[in-house]
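What follows is a single structure, written as structure tokens, with notes after it.
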Amino acid sequence: MATVVLVGAQWGDEGKGKVTDFLAAKADIVVRYQGGNNAGHTVVVGDEVFRLHLLPSGILYPDKICVIGNGVVIDPAVLLGELDALAARGVPTARLVISERAHLILPYHRYLDELEEDKKGAGKIGTTRRGIGPAYVDKVARVGIRVADLLDPDVLRRKIEQNLAYKNGLFTQVFGAAPLDAAGIIRDFEGYAARLAPYVADTSLLLNEAVDQGRNILFEGAQGTLLDVDHGTYPYVTSSNPTAAAAALGAGIGPTRIDCVVGVVKAYTTRVGEGPFPTELGDAMGERLRERGGEYGTTTGRPRRCGWLDAVIVRYAARINGLDYLAVTKLDVLTGLDTVRICRAYRYRGQLLTEFPARLGVLAEVEPVYDELPGWKEDISGVRRYEDLPVQAQDYLDRLTELTGVSVALVGVGSRREQTLVRRTLFGNP
Ligand code: IMP
């Protein structure tokens, strides 16, 4: 397998950063293909903790090419901030390549994200307020500004002026807010252009050539299947497609060039932002998962909502993404419980639902139907071979496979690279 796509199988925050970092050891190239700095990937290397929002997690290795594909929306100030922060910690960043077709997040996108969320009040989406949605709206509305435009000062200036004239009308007349100043934005973006230009290339060409040469490429999804604008819990979703098919689109390769798709599943479920969540636990167990799992947003610091593992969701993610394998993370967080639960179906007005519903009203009303399994008490954070996991922990993973039809390739028992158990090698790992 030379090309592996890694996607979140829940609502994001599944631990993709850690799994990417682990698999990246055997990859030549790591690619981000959608989303932007709404993502937050935490990677622990030795005693150091790195929090990445935009850069592919492979950047922490000295020899990987890291690609930001055309499907990503880039806030240049954030990107440069991340590059500077890594450089200050001695991490080399020259191996970054940015697609000239990627779209940019401008200050007016962030401002609009804030204004729209505030105006929606109780009906808000709960976005990360990073301007992601408004940037994708402009892309589809064909008024977006692309990385390629950074390289052409006249085009850049004209587009910013045109867009801001329109957006300022919205800010002042619709939202009653202050307008933004074009001159300051243009000046800042000219500065970003000078610094980012050396990284810009035709990344589709680079990736297709790499596939032809049989190089190992890891496509790192951000967010998760249920935040997908097509397949997620719309409208409580992000504005891109975090699912596997988007890896081809957002990187400029054909779907025939993807060999394997891995779904990252946290051993329980979390969600940030608004929207229904069938297995959510509003009790002491939910609090326990949050505290033991450190379930606070990497990007916004918001406490994450926590609940039991939902196999209806994972089965749905298996279908939407064509999952070949699962990578289960944070299994250690469940240690110490007398029993553990997996939701296998929903009950809705006396009816048993085994498929994930499209209607949010239905999802908000369903009751989870659980399988209850014995828990395990042994500390598993030091386990290094799958066979050494307590039998109850193995049974829990087997039950997930029975309910989803997808086998488990990797298991995480802690935040460090070495706390990863390999059941099936991908890229010849470890
Ligand atoms: P946006 O992507 O900032 O527009 O936010 C839309 C929804 O996606 C909100 O519910 C966010 O909390 C959620 N979201 C966006 N990025 C992530 C992520 O990386 N992890 C988890 N949730 C996310």
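For reference, positions follow the sequence shown, starting with 1. Note that ligands are numbered from 1 as they come in the structure, with each ligand's atoms numbered from 1 the same way.
- Interface atoms of ligand 1 facing V272, defined by a heavy-atom separation under 4.0 Å, are 10 (O), 12 (O), 21 (C), 22 (N).
- Both cation-pi conditions hold for R417 and Y61: the charged atom is under 6.0 angstrom from the six-membered ring centre and inside a 45 degree cone around its axis.
- The G126 neighbourhood of ligand 1 comprises atoms 9 (C), 10 (O), 11 (C), 12 (O), with distances under 4.0 Å to a heavy atom of that residue.
- Residue, atom and distance of the protein heavy atom nearest to atom 3 (O) of ligand 1 are T128 OG1, 2.6 Å.
- At the shortest separation from atom 17 (C) of ligand 1 among protein heavy atoms lies Q223 CG, 3.5 Å.
- Contact annotation: A222 has no heavy atom less than 4.0 Å from any atom of ligand 1.
- Closest to atom 8 (O) of ligand 1 among all protein heavy atoms lies L227 CD2, 3.6 Å.
- For ligand 1, the polar-atom distance check against T238 finds a nitrogen or oxygen pair separated by under 3.5 Å.
- Counting only N and O atoms by type, the side chains of D138 and N163 include no donor and acceptor under 3.5 Å apart.
- Of the heavy atoms in R302, only side-chain atoms (C-beta onward) come closer than 4.0 Å to ligand 1.
- At a 4.0 Å cut-off, at least one heavy atom of A39 sits close enough to ligand 1 to count as contact.
- A side chain to side chain donor-acceptor pair (under 3.5 Å) with W11 is found for one member of T233, T225, T270 and no other, namely T233.
- Crowding of E287 atom CD: a count of heavy atoms from other residues, nucleotides or ligands under 6.0 Å exceeding 12.
- Close contacts of ligand 1 with V237, meaning ligand atoms under 4.0 Å from a residue heavy atom, involve 6 (C), 7 (C).
- The single protein non-hydrogen atom nearest to atom 21 (C) of ligand 1 is D13 OD2, 3.1 Å, given as residue, atom name and distance.
- The part of W11 lying near ligand 1 is the backbone, judged by heavy-atom distances below 4.0 Å.
- Between R89 and E48 there is a salt bridge, since a side-chain N of the basic residue sits under 4.0 Å from a carboxylate O of the acidic one.
- Atom CZ of R423 is surrounded by more than 12 heavy atoms from other residues, nucleotides or ligands within 6.0 Å.
- Of the heavy atoms in T300, none comes closer than 4.0 Å to ligand 1.
- With respect to K266 and E14, no salt bridge is recorded, no charged nitrogen being found less than 4.0 Å from a carboxylate O.
- In this structure, R130 has no heavy atom closer than 4.0 Å to ligand 1.
- Listed by number with element, the atoms of ligand 1 under 4.0 angstrom from any heavy atom of G273 are 10 (O).
- Note that R319 lies outside the cation-pi zone of F356, set by a 6.0 Å cut-off to the ring centre and a 45° limit from the axis.
- For Y111 and Y108, the ring centers sit 6.0 Å or farther from each other.
- Counting heavy-atom neighbours within 6.0 Å of R101 CZ, excluding the residue itself, gives a total of 12 or less.
- Considering backbone and side-chain atoms alike, T127 places every N or O at 3.5 Å or more from each N or O of ligand 1.
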